[in-house]
2 protein chains.
Amino acid sequence: MARPRQIDRAAILRASLAIADERGVDALTMQAVADHLGVTPMALYRHVENKQDLLDGVVESLLDEIAPSSDDDPWDEQLSKMGQAIRAAARRHPTVFPLLLQLPATTPGARRARARVYRSLRRAGVAADDLERVERLISTIVLGFAASEVSGRFRAHSRKALDADYAALEDLIRRGLAPYLG
Amino acid sequence: MARPRQIDRAAILRASLAIADERGVDALTMQAVADHLGVTPMALYRHVENKQDLLDGVVESLLDEIAPSSDDDPWDEQLSKMGQAIRAAARRHPTVFPLLLQLPATTPGARRARARVYRSLRRAGVAADDLERVERLISTIVLGFAASEVSGRFRAHSRKALDADYAALEDLIRRGLAPYLG
DNA sequence: ACCTGAACACCGTTCAAGT
DNA sequence: ACCTGAACACCGTTCAAGT
């Protein structure tokens with residue numbers, strides 16, 4: 001428990017995510033983060049603008065956890081893997097993940113994540129004109145489901161039931177997307 | 001601006017929603033609600049358990065705003081109207097609405113809202129065994145979109161672009177649901 | 001350049017006291 | 001039965017001061 005000398009933005013965001021995962025996003029206070037890093041709360045303001053900036057940073061850091069699926073897989077497989085990766089990230093960070101739906105899609109991390117989906121869709125045969133719209137539809141559906149399942153909305157449902165729901169959702173997306181896959 | 005003598009749970013939730021709509025959910029404090037009602041913050045605790053209970057109540061009150069569509073309309077029309085009603089409610093309450101995705105679906109208001117969709121789906125020909133799953137899929141998709149569009153995720157998009165996105169989403173749902181409509 | 005001490009305004013909540 | 005005053009622990013944030 002020696003105090004780490006390197007306190008920078010990345011370390012602050014890492015500590016913040018850990019606190020939110022362990023004790024919930026409500027326990028994510030400037031003081032808790034400072035304690036975790038062996039520093040006073042005021043020291044954080046050198047590296048983050050304020051609490052909202054810190055929170056935005058934490059939410060955005062989730063995007064980098066959604067691993068790019070292998071480009072070699074067929075379209076179906078890529079959709080499947082992306083869904084599982086997103087659901088797994090949601091489960092790892094149940095109180096922070098739902099905030100992704102509120103994150104402006106113009107941040108660097110959001111752009112990177114979108115670029116990966118664009119590539120998948122292009123290889124699947126989606127026309128250039130439809131690319132952005134299709135990406136918005138898919139990500140909205142998948143994020144909405146993942147947020148719902150980790151944040152209490154489906155609290156009464158077993159993991160097995162949620163998996164079956166998600167499989168049905170994936171089928172629905174596949175059918176719904178058929179016209180775009182030309 | 002005479003202080004209303006009737007301070008009960010309903011009045012508290014109404015005042016809370018008004019404050020959140022005007023100044024954002026972050027401005028929804030016990031003190032702000034008390035001020036709005038001409039009372040001290042401590043008086044609220046007679047009618048709500050605590051801040052979280054108040055917030056839950058406010059979120060749940062949104063569900064009652066999603067008007068039941070007319071039973072006479074054909075299935076397509078009902079889906080359309082439900083979507084518009086939900087998006088309109090989201091626009092009226094942009095900072096509170098996204099919390100719907102976190103509200104346990106076991107509250108009375110949530111049950112009522114679901115019952116309405118069940119009836120629609122049954123009339124559309126969805127088998128009894130598929131009813132609950134189909135409802136979960138549809139509401140997840142529509143809530144996810146509505147939350148996204150009012151909470152900054154699509155901040156860069158015009159109202160026209162969002163309407164077009166939603167139309168595409170509705171088409172996608174229709175195609176995806178076809179197998180269930182037997 | 002980076003962290004700290006002291007201070008401020010605000011927040012949720014409790015409890016005994018008032019009516 | 002219902003509201004209030006006083007009080008507490010905690011929160012985000014600023015700023016001058018330390019190293």
Side-chain angles (χ1 to χ4, degrees), chain A residues 1-61 95-96 98-99 102-104 151-152, chain B residues 1-61 95-96 98-99 102-104 151-152:
Chain A
M1 266 312 179
R3 72 184 49 184
R5 268 280 57 87
Q6 78 289 31
I7 152 179
D8 56 7
R9 197 173 213 270
I12 289 174
L13 297 184
R14 244 180 294 120
S16 300
L17 186 56
I19 290 165
D21 291 343
E22 276 165 41
R23 302 190 265 140
V25 73
D26 288 345
L28 176 51
T29 67
M30 300 301 266
Q31 335 231 351
V33 176
D35 283 353
H36 201 279
L37 294 170
V39 105
T40 67
M42 301 79 88
L44 304 176
Y45 287 87
R46 188 80 27 183
H47 303 96
V48 297
E49 266 183 56
N50 50 36
K51 173 84 186 277
Q52 187 58 57
D53 177 40
L54 180 148
L55 202 52
D56 287 348
V58 171
V59 173
E60 187 166 5
S61 74
T95 67
V96 174
L99 300 178
Q102 272 149 273
L103 183 75
S151 72
Chain B
M1 267 309 180
R3 72 184 51 183
R5 267 282 58 87
Q6 78 289 31
I7 152 180
D8 54 7
R9 195 172 216 270
I12 289 174
L13 297 184
R14 243 179 297 119
S16 300
L17 186 55
I19 292 165
D21 291 343
E22 277 166 41
R23 301 189 266 140
V25 74
D26 288 345
L28 176 51
T29 68
M30 301 299 266
Q31 333 231 352
V33 177
D35 283 354
H36 200 279
L37 293 170
V39 104
T40 67
M42 301 78 89
L44 303 176
Y45 287 87
R46 189 79 28 181
H47 303 98
V48 298
E49 267 183 55
N50 49 37
K51 174 86 186 276
Q52 187 58 57
D53 178 42
L54 181 148
L55 201 52
D56 287 347
V58 171
V59 174
E60 186 164 7
S61 75
T95 67
V96 174
L99 300 178
Q102 272 149 273
L103 184 76
S151 72

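Atom set for the values below is all heavy atoms of this structure, side chains included, hydrogens, waters and symmetry mates excluded. Chain letters run A, B, ... following the sequence lines, proteins first, then strands; residues in each count from 1.
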What's the shortest heavy-atom distance between Leu37(B) and Ala11(B), and which atoms? CD2-O, 4.1 Å
Closest approach of Leu54(A) to Leu13(A) (non-hydrogen atoms, all atoms of both residues): O-CD2, 3.7 Å
Let's go through Gln31(B) and Asp35(B) carefully: what are the C-alpha distance in whole Å and the side-chain angles of both, what is the deciding distance for side chain to side chain donor-acceptor pair (under 3.5 Å) to 0.1 Å, and is it a yes or a no? CA-CA 6 Å; Gln31(B) 333 231 352; Asp35(B) 283 354; over 6 Å; no
Of all the choices, [options], which nucleotide is nearest to the side chain of [X] once you look at every atom?
X: Met42(B); options: dT14(C), dC3(D), dT13(D); answer: dT14(C)
X: Lys51(B); options: dG12(C), dC3(C), dT13(D); answer: dG12(C)
X: Arg46(A); options: dC11(C), dC3(C), dC3(D); answer: dC3(C)
X: Ala43(A); options: dC11(C), dC3(C), dT13(C); answer: dC3(C)
X: Val39(A); options: dC3(C), dC11(D), dC11(C); answer: dC3(C)
X: Met30(A); options: dG12(D), dT13(C), dT4(C); answer: dG12(D)
X: Thr40(A); options: dG5(C), dG12(D), dT4(D); answer: dG5(C)

Counting only side-chain N and O atoms of His47(A), is one of them less than 4.0 Å from OP1 or OP2 of dC3(C)? yes
Could you check which nucleotide pairs with dA16(D) in any of the strands shown, counting Watson-Crick or G-U wobble with both distances under 3.5 Å?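 Base-paired to dT4(C).
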Give none if dC11(C) has no partner; otherwise give the nucleotide forming a Watson-Crick or G-U wobble pair with it, both distances under 3.5 Å.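 dC11(C) is unpaired by these criteria.
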Go nucleotide by nucleotide along DNA chain D from the 5' end; which of Pro41(B) and Gln52(A) gets its closest nucleotide reached first?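 Upstream on the strand: Pro41(B).
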Distance in angstrom units between Arg9(B) CZ and dA1(D) P, rounded: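 Spelled out: CZ on Arg9(B) to P on dA1(D) is 20 Å.
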Determine whether a donor-acceptor pair (N or O, by modelled atom type, separation under 3.5 Å) exists between the side chain of Thr95(A) and the backbone of Gly24(A). no
